[in-house]
Amino acid sequence: MNSLFDVQGKVVLITGASRGIGKEMATAFADAGAIVYGTASRPESISQGHNPAIQMSACDVRDRGMLKDLMLRIKATHGRVDALINNAGITSSSLASQVSDEEMQSLFETNLKGLFSACQVYYSTQKREGCIINISSASAMRAMPGTSFYGSIKAGVIQTTQALAVEWARRNIRVNCISPGFIKTDMNAHLRQNESTAAQIAASIPLGFIGEPADVSGAAVFLVSNAARYITGHNLVIDGGALSRASF
Ligand SMILES: NC(=O)c1ccc[n+]([C@@H]2O[C@H](COP(=O)([O-])OP(=O)(O)OC[C@H]3O[C@@H](n4cnc5c(N)ncnc54)[C@H](OP(=O)(O)O)[C@@H]3O)[C@@H](O)[C@H]2O)c1
């Protein structure tokens, strides 16, 4: 029976699927019967402990040629790539006065230019119909010390999502965004190491706890499924209510 939320047999490519949110999304799609391809930045990231249902490749999102080769290879095998999830990302916690040129360059090249190039490559390899999910961040909408350049770049991801949704709707390529709040991954392990900091973060979240990577994957499956066929240009915030909270 074909359910509204079915993603069985869909071909899904997820960047940054070796760890954290990307790995969990890849598992959720594989469990739901999708054909899942995942990437990591380096071969050593994918050498061990991977779900055999997920076909992993080393592909640096800063390298357009690698992205193109990978998408063409998947297309040659399956005839299509039903969904691209641009999840690969890095962070920085430098205060605004101390963000270096190198940090700015890396954040821009990985989190925005790499994502934008992946969207362009997807568009050029996909004749009609498709689905893109870009992973932004609640930091795009809420300022916290140490997130200035990262947040600015992630705001660019939301704008990119809206712009591509409008330009590519006629080809029925839906483009949506997910903006996670605080999710337990390697990216913020240094902040959670200190118990009192972790408790403070949890207390600032209306639902009262820090999210798990699995808290993001259900939304990704939904956005790829037919249940979301009329949703494009949307930014879905998954943050336990933190953005909705008044700060006084
Ligand atoms: N965790 C949070 O609280 C949070 C909140 C808001 C938004 N986000 C966003 O969610 C996404 C995933 O974050 P996460 O917390 O799951 O991070 P993570 O655990 O640090 O994992 C990052 C993933 O991105 C890959 N990656 C990094 N640079 C890459 C590159 N140049 N090319 C290809 N892959 C690259 C990594 O591959 P390797 O293993 O090879 O390094 C890894 O698979 C990011 O876009 C992040 O900004 C996270």
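If you're wondering where the values come from, they're calculated on a predicted model, not measured in any experiment. Whatever order the structure lists them in is the order used to number ligands and atoms, beginning at 1.
- Regarding atom 42 (C) of ligand 1, its nearest protein heavy-atom neighbour is Ser18 OG, 3.5 Å.
- For atom 12 (C) of ligand 1, the nearest protein heavy atom (residue, atom name, distance) is Asn87 OD1, 3.1 Å.
- Closest to atom 16 (O) of ligand 1, if we only count protein heavy atoms, is Ile21 N, 2.8 Å.
- By the criterion of a heavy-atom distance under 4.0 Å, the backbone of Ala17, and not its side chain, is placed next to ligand 1.
- When only non-hydrogen protein atoms are considered, atom 29 (C) of ligand 1 lies nearest to Ser41 CB, 3.7 Å.
- Neither the backbone nor the side chain of Lys184 comes within contact range of ligand 1; no heavy atom lies under 4.0 Å.
- Using a 4.0 angstrom heavy-atom cutoff, Thr91 does not count as in contact with ligand 1.
- Using a 4.0 Å heavy-atom cutoff, Cys59 is listed among the residues neighbouring ligand 1.
- Note on ligand 1: Asp60 sits in its first shell, one or more heavy atoms being nearer than 4.0 Å.
- Looking at atom 5 (C) of ligand 1, its nearest protein heavy atom turns out to be Gly181 O, 2.9 Å.
- In this structure, Leu13 and Tyr122 have side chains that are not in contact, with every pair of non-hydrogen atoms separated by 4.5 Å or more.
- Compare Ser137, Gly38, Gly89 by their heavy atoms: the one nearest to atom 27 (C) of ligand 1 is in Gly89.
- Classified by interplanar angle (parallel below 30°, tilted 30° to 60°, perpendicular above 60°), the ring pair Phe5/Phe222 is tilted.
- Atoms of ligand 1 lying under 4.0 Å from any heavy atom of Asn188, numbered from 1 in the order shown and given with element: 1 (N), 2 (C), 3 (O).
- Here the heavy atom of the protein found nearest to atom 18 (P) of ligand 1 is Arg19 NH1, 3.7 Å.
- Given atom 26 (N) of ligand 1, the protein heavy atom at minimum distance is Ala88 CB, 3.9 Å.
- Residue contacts with ligand 1, taken as heavy atom pairs separated by less than 4.0 Å, involve Ser136 solely via the backbone atoms N, CA, C and O.
- Counting only heavy atoms of the protein, atom 25 (C) of ligand 1 lies nearest to Gly16 CA, 3.6 Å.
- Below 4.0 Å from some heavy atom of Arg62 lie the following atoms of ligand 1, by number and element: 31 (N).
- Of all the listed residues (Leu67, Ile135, Val61, Asn86), Val61 holds the heavy atom that lies closest to atom 32 (N) of ligand 1.
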